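What you see is a predicted model; the values in this text were computed from it and never measured.
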Number of protein chains: 2
Amino acid sequence: MTHRAPFDFFTRSAFGIEPGSHIGTQLEGLASRIDLSKGQTAPLDNRSDRIVFVASGATKLVAQASEQRQQIVAFHFDGDIVSVPADGLFANSVTALRHSELLVFPAREFFDSAAGEARIARSLLERLPIALQRCRDRAVALGQGSATERLAGFLLAMSERIGRADADHCELDLPMSRKEIGESLGLTIETVSRQFGVLRELGLIKTQGRSRVTIFDRDMLSRKAGHLHQTQKTSGNPTN
Amino acid sequence: MTHRAPFDFFTRSAFGIEPGSHIGTQLEGLASRIDLSKGQTAPLDNRSDRIVFVASGATKLVAQASEQRQQIVAFHFDGDIVSVPADGLFANSVTALRHSELLVFPAREFFDSAAGEARIARSLLERLPIALQRCRDRAVALGQGSATERLAGFLLAMSERIGRADADHCELDLPMSRKEIGESLGLTIETVSRQFGVLRELGLIKTQGRSRVTIFDRDMLSRKAGHLHQTQKTSGNPTN
DNA sequence: CGCTTAATTGAGAGCCTTCAATCATCGTGG
DNA sequence: CCACGATGATTGAAGGCTCTCAATTAAGCG
């Protein structure tokens, strides 16, 4: 990738605008390009909000309360846009799970520019509620779900984002360690490992090596995750 | 309030635009006005996303996995904008904690209109990341925090949104029951009650009746919540 | 003032965590 | 290509925190 390839990918893939357009150059002026190798943390100024575009790679967004206690708030992959707030209740940071290329924007200026361009604004208004919904689903899982349910839900979510569906079963190469899965689900390494064992013995998944997971029965896994199913969906409420 | 007062309040307070403007009428055409009394659930069509504006009152956004298991995803108050997705992993609903006036928009059309109006787009791009951040903070609390930490964090968050700060201490009238607090924090009624007791015996709060809470020591409460404090904030990282 | 519902308090059970040890994986060097 | 070492993952046993079940007390409304 040349030095400006990430930005072109950004404008095109994220917003469907051609590089070189007025708004494109405007946004490019705001961007800082960052290259992270595995395990590196992006040097973000935590005094104001940032918008980070993951051009390639895989990253984790980490919230840190104390030195010892940290939680992974979200994982992000190629083409994802991440909203990274200034430190609030917790300190936030973006760390690469593998080599990643990022574009970093100051949030305020980015939104100022984006708001004036209908196409970009529309795209952001499309993406942000999705991120919000992902976060809510996670919050529900963290609040209500058992360890097994959390891991089942995690595997399903990951398979939808980075899985390779192959007929009935689905292959998955997890770019994160058990420790990181645990930090994302609010569980310990050991519990995560035990739950992998549970799902394995139920015949729902197979694991090969540290990162390869094969999902045999998506539907049953979804049931184990405590997710809503067709039969139990609230029947259409006509008003509105 | 007259029948169109909520909408005028909506355009003005949420976006700073005057009623009667082109975009104002356009949005008004999309809106359905809903009046909910305490305990009532908004009759939302769960087949597509909605945007709900809480003109007055207090509401809870509930995610329901099964009949028995439901979690409160967020509370909303006067002037809040709520993004209510179509049923995904869980079914979503909006229920009034007390009498509330809502404006309901179909999300797609709402965003289509909003994207073309820089002022509105900018305002939404301001609000959505805040909602996202609130959700993330909750997710961290649910994933990592003990029962005491969760309640402490909850009380702080509520005091910031609906508390009356009075010199050193802060008074709070909680519009939700212990059950609803529990459903929001992923705890049982009993545990919530016990944690109120813990915070009370620590001298951090006082409770009067079912809903009145007085916070004596915000700072200590914040510490109990496991939140980041000035002394432990990561020192400014200059790059970017 | 009495009744209904919500909140508090107590005792025991279950799930996850913690601590500890063993095993597997994978990158490295021979 | 294999052996080796380091790190990550798995497995086991004991303890703690929250949940469950049950009873009592308090609050708020008619």
Quiz prompt | Side-chain donor or acceptor of A:Thr95 paired with backbone N/O of A:Gly39 under 3.5 Å | solution = no
Exercise. Look at all strands and tell whether B:Gly186 reaches a base, only sugar-phosphate, or nothing, counting heavy atoms closer than 4.0 Å.
Key: sugar-phosphate
Self-check item: Cationic N near anionic O, under 4.0 Å, B:Glu160 to B:Arg134
Solution: no
Quiz item: Rounded to the nearest Å, what distance is computed from the NZ atom of residue A:Lys179 to the P atom of nucleotide C:dT17?
Solution: 14 Å
Quiz prompt | Separation of C:dA7 C1' from B:Glu180 CD (nearest whole Å) | solution = 14 Å
Quiz prompt | Distance in angstrom units between B:Arg212 CZ and C:dA6 C1', rounded | solution = 18 Å
Quiz item: Between atom CG of A:Leu97 and atom CG of A:Leu36, what is the distance when rounded to the nearest 0.5 Å?
Solution: 10.5 Å
What nitrogen or oxygen pairs link the protein and nucleotides 4-8 of chain D at under 3.5 Å?
| unit_1 | atom_1 | unit_2 | atom_2 | d |
| --- | --- | --- | --- | --- |
| D:dT7 | O2 | A:Arg210 | NH2 | 3.3 |

Quiz prompt | Partner set under side chain to side chain donor-acceptor pair (under 3.5 Å) for A:Asp49, not counting sequence neighbours | solution = none
Quiz item: What residues in residues 137-151 of chain A put a non-hydrogen atom under 4.0 Å from any atom of DNA chain D?
Solution: none
Quiz item: By ring-ring contact (aromatic ring centres under 6.0 Å, His included), which residues pair with A:Phe53, not counting sequence neighbours?
Solution: A:Phe9, A:Phe10
Exercise. Evaluate side-chain contact (heavy atoms from CB on, under 4.5 Å) for A:Ile162 paired with A:Asp173, printing each intermediate quantity in order.
Key: CA-CA 8 Å; A:Ile162 56 171; A:Asp173 279 308; over 6 Å; no
Quiz item: Got a sec? Which of residues 194-209 of chain A come in under 4.0 Å of DNA chain C, heavy atoms?
Solution: A:Arg194, A:Gly209
Quiz item: A:Thr188 side chain N/O closer than 4.0 Å to the phosphate oxygens (OP1, OP2) of C:dC16?
Solution: no
Self-check item: For the student: nearest non-hydrogen atoms of B:Leu228 and A:Asp87, plus distance
Solution: CD2-CB, 4.2 Å
Quiz item: Relative to each other, are the rings of B:Phe75 and B:Phe154 parallel, tilted or perpendicular (30° and 60° limits)?
Solution: perpendicular
Quiz item: Is any side-chain N or O of A:Thr191 closer than 4.0 Å to OP1 or OP2 of C:dT17?
Solution: yes
Quiz item: Taking all non-hydrogen atoms of both residues, which atom of B:Lys224 and which atom of B:Glu149 are closest, and how far apart?
Solution: O-CG, 3.1 Å
Quiz item: Separation of A:Leu174 atom CG from C:dC26 atom P, in whole Å?
Solution: 13 Å
Exercise. Check the pair B:Glu171, B:Asp166 against side-chain contact (heavy atoms from CB on, under 4.5 Å), reporting the backbone distance first and the verdict last.
Key: CA-CA 7 Å; B:Glu171 294 232 325; B:Asp166 176 15; 5.6 Å; no
Side-chain donor-acceptor contacts of residues 193-206 of chain A below 3.5 Å, not counting sequence neighbours, with atom names and distances?
| unit_1 | atom_1 | unit_2 | atom_2 | d |
| --- | --- | --- | --- | --- |
| A:Gln195 | OE1 | A:Thr148 | OG1 | 2.6 |
| A:Arg200 | NE | A:Thr207 | OG1 | 3.1 |

Quiz prompt | Whole-Å distance separating the CG atom of A:Leu187 from the P atom of D:dT10 | solution = 14 Å
Practice problem: Establish whether the base of C:dC16 is bridged to the side chain of A:Glu190 by a donor-acceptor pair shorter than 3.5 Å. | Solution: no
Quiz item: Expressed in angstrom and rounded to an integer, what is the separation of A:Ile189 atom CD1 from D:dT11 atom P?
Solution: 14 Å
Quiz item: Nearest to the side chain of A:Ser193 - C:dT17, D:dT11, D:dC19?
Solution: D:dT11
